[in-house]
Amino acid sequence: MIFIPTLLISMFITIALIPIFKGLAVRVNVMDIPNDRKVHSYPMPKCGGIAMALGGLAPIFFWVPMTEFVSAVLIGSGIIVLFGLIDDVINLEWKIKLSGQCAAALVVILYGGVKIKCLGMLLPDNVFLPDWFAIPFTLIAIVGVTNAINFSDGLDGLAGGISLLSFICIGCLAYCSANIVIALLSIAVVGAILGFLRFNTYPAVLFMGDAGSQLLGFLAVTLSLALTQGNTSFTPLLPLIFLGFPVLDTLTVMFERVVGGRSPFVADKNHFHHKLIRLGLYHKEAVLVIYIVQAFLVTFAFVFRFHQEWFLLIFYIIFSTGILSGFFVAKKRGWKFKRYDFVDKVIKGRLRILKEKNILIKVSSRLVEVGVPSLLLFTCFLPSNMPIYFSFFSMALLGLLLVTLCIKKEWMGTVLRLILYPLIPIVIYWGEADMVVWMNDKLVVPYNFSFGFLFFFVILTLKFTRRRNGFKSTPMDFLILFIALVVPNFPDKQIQSYHMGLMAAKLIVFFFSYEVLIGELRVKLNRLGLITILALLVISVRGIL
């Protein structure tokens, strides 16, 4: 149960801090100014990194024991964020930035004990690397991945989405190996990224800046090395798989710059995402393609986590060769992504007609408006025992909602989120861990199926809505689907025990659905508020009785 509060705390702190830092960034002119190598057309605040750092690292102080490794990660992260913030403000020279990254890496290497000592079967008889080689090798790896994630931050939501998938993989691997410290660290970062992506998916309203992108790269490589180089049965080459795409992108770009007679550290528009756009993909399509590739690598790494190192190395070489060959052939032959008239005119045209006539949106939105709150109300009856302390907590939330409904209706959306976000995970957890006896298999199957049924109509509502403000369809939808559908089905008994995967899927469906619903209803939230009051009454009465 500790994982869900960690996720929620980091996400909510990040969401709460971003508007504050956004206003501050505008006032002190910490802005990303457009130029010929950037895709955005107007200045953007570079403040997401500090919000993610505070949001992601805050839960660590609640539950994670302060071992030398954890202290080293926090100190190293602080150094990365400090240098990143200075760079976001005054644009540091690359040598100074590199020195800060090296300092952070040396902290986790020398103080935290993170070293690449083992390469598995790549070396004869599993020989361990001596420190005189392992330390500089680890230093290069940490600094390299830190910059790889930093360099991949070129499109809205790109670096955040890639990192999110990587941290999900790290968290699942750590959970399977009972490494609770790394699991909690990873989940905290996942929550921070989810909070940030709310503001950064296309079209973004702010960027994470170097402070954020470097922090994500630093934490991803540090946690993955600590996990796979420790006392574990995982192959030590796993980080190469789920961090290999941004690394391949960075190495390719730097090689092209050197061959062209330029400095490898001078920014340009030759990254993989730039090449996808030149092939004719739209902004969101390029991001989605990279998400799919990264999701494939993450899933591959988890499935083959126990396989021999030579197998993973050969796969990565084949994968990298395929990516590079594809871009090379496409550039040489001048390929462009074709948009067929059948798709644009027939399918999209008919969908456009349906949208203009408001046929589907009327049906889907009404089903969502009635179905989602009703499903939550039903879920409140599933725990066999409701703790008395949660009953009193629900009464307090009930009072807050009643006051808002009577006095400040314009605050209803914010108050509903404050109530529903802690309420939903607790009710789902107790309902799965200690379900009432009358909920037999004949009822459980349609109950679980109803989440998928409602989620379909939530997506339909999102696609056909006519509103301009609120929650919108973005490439983040793919990340939501990946977490909700793929992660619960990872072939591991520990993930499937206690229905952890199913609980995560239900949690995400509820959160996503309520965001769409609140945005769709705009200010007409009275009925949603009344059903929430009824749910809180059920919890309060059941706890007392």
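Annotation: side chain of Ile290 is in contact with side chain of Leu276 (closest heavy-atom distance under 4.5 Å). For the pair Ser177 and Phe234, the minimum side-chain heavy-atom distance is below 4.5 Å. Between Gln294 and Leu297 there is a side-chain heavy-atom pair separated by less than 4.5 Å. Side-chain contact between Val298 and Ile168 is absent, with no heavy atoms from C-beta onward closer than 4.5 Å. In this structure, Val509 and Ser513 have side chains that are in contact, with non-hydrogen atoms separated by less than 4.5 Å. Counting heavy atoms from C-beta on, the side chains of Leu24 and Cys47 never come closer than 4.5 Å. Between Val247 and Phe151, every side-chain heavy-atom pair lies at or beyond the 4.5 Å cut-off. By the 4.5 Å heavy-atom criterion applied to side chains, Val181 and Asn179 are counted as neighbours.
Ring planes of Phe311 and His307: tilted class, angle from 30 to 60°. The aromatic rings of His271 and His274 sit tilted relative to each other, their planes meeting at an angle between 30° and 60°.
Pairing each heavy atom of Tyr175 with each of Ala183, the nearest pair is N-CB, 4.1 Å. Across all their heavy atoms, Ile13 and Ala58 have their closest contact at CD1-CB, 3.7 Å. Of all the heavy atoms in Leu165 and Ala295, the pair that sits closest is CD1-N, 3.8 Å. Listed here is the closest heavy atom pair of Phe196 and Thr14: N-CG2, 3.8 Å. When every heavy atom of Glu309 is checked against every heavy atom of Leu237, the shortest pair comes out as O-CD2, 3.5 Å. Nearest heavy atoms, Leu225 versus Ile142: CD1-CG1, 4.1 Å.
Here the CG atom belonging to Leu227 is positioned 5.0 Å from the CD1 atom belonging to Ile182, to the nearest 0.5 angstrom. Summarising the geometry, atom CZ belonging to Phe451 is positioned 5.5 Å from atom CD1 belonging to Ile428; distances are rounded to the nearest 0.5 Å. Between the CG atom of Leu215 and the CD1 atom of Ile50 there is a distance of 9.0 Å, given to the nearest 0.5 Å. If you take CD1 on Ile79 and OG on Ser99, they are separated by 10.5 Å, rounding to the nearest 0.5 Å. Once rounded to the nearest 0.5 Å, the distance linking NE2 of His273 with CD1 of Ile277 reads 7.0 Å. One finds the CG atom of Leu98 at 12.0 Å from the CG atom of Leu92 (value rounded to the nearest 0.5 Å).
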Worked check of side chain to side chain contact (heavy atoms under 4.5 Å, CB included) between Leu74 and Ile60: CA-CA 9 Å; Leu74 293 177; Ile60 297 173; 4.1 Å; yes

Audit row: Val372, Tyr514, side chain to side chain contact (heavy atoms under 4.5 Å, CB included) steps and yes/no: CA-CA 8 Å; Val372 174; Tyr514 268 108; 3.7 Å; yes

Working for side chain to side chain donor-acceptor pair (under 3.5 Å), residues Thr146 and Gln214: CA-CA 5 Å; Thr146 300; Gln214 291 183 41; over 6 Å; no

Derivation of the ring pair (Phe, Tyr, Trp, His ring centres under 6.0 Å) call for Phe302 and Phe242: CA-CA 9 Å; Phe302 187 88; Phe242 56 76; over 10 Å; no

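Thr138 contributes a side-chain N or O that, together with a main-chain N or O of Ile116, makes up a donor-acceptor pair within less than 3.5 Å. At least one donor-acceptor pair closer than 3.5 Å links the side chain of Ser152 to the backbone N or O of Ile149.
A salt bridge does not link Lys331 with Glu256: none of the charged nitrogens is closer than 4.0 Å to a carboxylate oxygen.
Tested against Phe245, the residues Tyr316, Phe300, Phe272, Phe296 include a single ring pair (Phe, Tyr, Trp, His ring centres under 6.0 Å) partner, Phe272.
In this structure, Lys46 fails the cation-pi test against Phe207, since its NZ or CZ atom is not both closer than 6.0 Å to the six-membered ring centre and inside 45 degrees of the ring normal.
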